[in-house]
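Protein chains get the first letters and strands the later ones, always in sequence-line order, with residue 1 at the start of each. Only heavy atoms go into these numbers, but all of them, side chains included; no hydrogens, no water, no symmetry mates.
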Number of protein chains: 2
Amino acid sequence: MSEGAAQPVGSGGIPEATISRLPRYWQVLRDVRGQTTISSQQLAEAAGVNPAQLRKDLSYLGSVGTRGVGYDVGRLIDMVSGHLIGPASRPFMIIGMGQLGSAMAAFTGYAERGFRIAALIDIAPGLVGRRMRVAAAIGPTTMVVRSIDEIEQVVAETGATLALLCVPVRVAQQTVDRLAAAGVDSILNFAADGVHAPEGVRLRDVDLGRELQILAYYQQHPGAPAARPEPAAAEPDAVPTSAASDPSNDKKVSV
Amino acid sequence: MSEGAAQPVGSGGIPEATISRLPRYWQVLRDVRGQTTISSQQLAEAAGVNPAQLRKDLSYLGSVGTRGVGYDVGRLIDMVSGHLIGPASRPFMIIGMGQLGSAMAAFTGYAERGFRIAALIDIAPGLVGRRMRVAAAIGPTTMVVRSIDEIEQVVAETGATLALLCVPVRVAQQTVDRLAAAGVDSILNFAADGVHAPEGVRLRDVDLGRELQILAYYQQHPGAPAARPEPAAAEPDAVPTSAASDPSNDKKVSV
DNA sequence: GAATGTGAAGAAGTTCACAGCA
DNA sequence: TGCTGTGAACTTCTTCACATTC
């Protein structure tokens, strides 16, 4: 059917903006696994987006809602995670086991989100070979830190081509190059300082300084539009003194 | 229409998309502090954006380039950081001194980016009162962890209304409410699990799971257009395969 | 001559509004 | 009746192209 509406994106078909929202939908869906169906209204509200937006986003996945009813929660979860992660849990490595890397290893949310730690990597002789705590699917466990010199072997053994880069800034570039050479094609970079991604590697920066600066901008410029249009009533800036907030989900000001 | 296409955004004047790019320009500018001027061409290339985009972005700041010459680097740095951070360094608090919070405290890039740690906060009796290492403007130093019960006082003393939230997910919401009540109006949230921002609070989520899922999507769908258009010039990048041995491995955890 | 600043064209993303199906 | 799916309107963002200034 159809033709008119051109495919919004050349290859994959799903617009970038939609992809970046999928994880949020997915998370909301996990939180409501109890119910069997959910309407675009409900899901959109919980995710903080417009219902039409949500329906359009889901329609890109080749949607399967039922008119008059809503979406089947279980089916939608499968569908979204199929697109995001694939059928099996996805292995990844943590590179650099300093404080940040250790904190990442201790994060308990991986399994739930479809990932699993395949290896911990460092270069320091003092760390390589040591056991460190990691959060696994079934409670915490430990894992031996391996050397970056074995990286090719680790990639071959585990099949992990996704890495969390937690090394100091000054070795970030060389480490990225090293990983790329070993076949890693996707890197989440916490060193974030103008690291250049080699051909064929997808690098995503998480830059603390950037996030802080953006927040600081909005602190300095009150009145700047954040993310929410939401007409709502103009309220006299009543700061809730008691933690209890009203349940009517007034949209967040997330910037 | 009346005013023509003048002010593109209602209140502040600067489009959101532009604001989110300013930190990147700023960082590039810091890296080239040596030269006195820079052209939109050069700056744009280093930042990985289109030159026209860059010029338009800068023009929102009430730009001050010189035709035929380029931009004065020093002046531009002042201008951009004036918009992002303001005249003085901006104080912030780290809430939750677990592994993640400790890693954040050790991050050495704050001063350079216009921020300074004003306080470390936790709730655990075992931590409150203890000294922890933090990276300060002049080398590392230590700071006493204070209780969240003193939060109002800390805010009053330090003037910090910006917080890095590094607490476990399950107490994230209540902590946010607590901070909001104490006058904190901007929060960078690492717990990131559908935390709701009280009225008047700007919450920005850094969600590890989300970032991973987005990367995983592109792994599964090669050919989809990613983030990097076509960044910097090809640099002759001497690839140091032998990673620098780094004894002080954990100190400079750059996050 | 060289590079900025910007109107206008173009692309991408969002929201509306309603047809169509359960 | 209720809610999805989607063309079309609308808004925002990006890029082009060129007049303008040094």
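- Separating the CD1 atom of A:Ile14 from the C1' atom of C:dG13 is a distance of 15 Å, rounded to the nearest angstrom.
- Between A:Met79 atom CE and A:Leu61 atom CG the span is 6.0 Å, to the nearest 0.5 Å.
- Comparing C:dG13, C:dT6, C:dA17 by their closest approach to the side chain of B:Ser59 singles out C:dT6.
- A sub-4.0 Å separation between OP1 or OP2 of D:dC22 and a side-chain N or O of B:Tyr71 is absent.
- With sequence neighbours left out, B:Arg113 forms a salt bridge (charged side-chain N to carboxylate O under 4.0 Å, His left out) with A:Asp207.
- Note that the CG atom of B:Leu212 and the OG atom of A:Ser186 stand 10.0 Å from one another [nearest 0.5 Å].
- Listed by first and then second residue, the salt bridge (Lys or Arg N to Asp or Glu O under 4.0 Å) pairs that reach into residues 28-37 of chain B come to none, sequence neighbours excluded.
- Regarding A:Glu16, its CD atom lies at a distance of 11 Å from the P atom of C:dT14, rounded to whole Å.
- The interatomic distance linking B:Leu54 (CG) with D:dC13 (P) rounds to 17 Å, in whole Å.
- In this structure, CD of A:Gln53 is placed 11 Å from P of C:dC16, rounded to the nearest angstrom.
- Here A:Ser39 does not reach the OP1 or OP2 of D:dC3: none of its side-chain N or O atoms lies under 4.0 Å away.
- Taking atom CG of residue B:Asp57 and atom C1' of nucleotide D:dC13, one finds them 10 Å apart after rounding to whole Å.
- Rounded to whole Å, atom P of C:dT4 lies 13 Å from atom CG of B:Asp72.
- Rounded to a whole Å, the CD atom of B:Gln42 is 9 Å from the P atom of C:dA3.
- Residues satisfying the side chain to side chain contact (heavy atoms under 4.5 Å, CB included) criterion with A:Val28, sequence neighbours excluded, are A:Leu43, A:Ala46, A:Ala47.
- The side chain of A:Arg21 sits closest to C:dT14 out of D:dC13, C:dT14, C:dG13.
- Which of D:dT4, D:dT6, C:dG13 sits closest to the side chain of A:Lys56 comes down to D:dT6.
- The shortest distance between the side-chain N/O atoms of B:Arg55 and the OP1/OP2 oxygens of D:dC16 is not below 4.0 Å.
- OP1 or OP2 of D:dT4 lies within a sub-4.0 Å distance of a side-chain N or O belonging to A:Ser40.
- With rounding to whole Å, A:Leu58 atom CG is found 13 Å from D:dC3 atom C1'.
- Taking the side-chain hydrogen bond (donor to acceptor under 3.5 Å, both in side chains) definition, one finds that B:Ser40 meets it with B:Arg55, sequence neighbours left out.
- In this view, B:Pro91 and B:Arg116, B:Ala118, B:Ala160 satisfy the side chain to side chain contact (heavy atoms under 4.5 Å, CB included) rule, not counting sequence neighbours.
- In this structure, A:Ala17 reaches the sugar-phosphate backbone alone: every heavy-atom distance under 4.0 Å involves primed, P, OP1 or OP2 atoms, never a base.
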Give every pair of a protein N or O atom and an N or O atom of nucleotides 20-22 of chain C that lie under 3.5 Å apart, one pair per line with the distance.
residue : atom : partner : partner atom : Å
C:dG20  : N3   : A:Arg67 : NH1          : 3.2
C:dA22  : O4'  : A:Arg67 : O            : 3.4

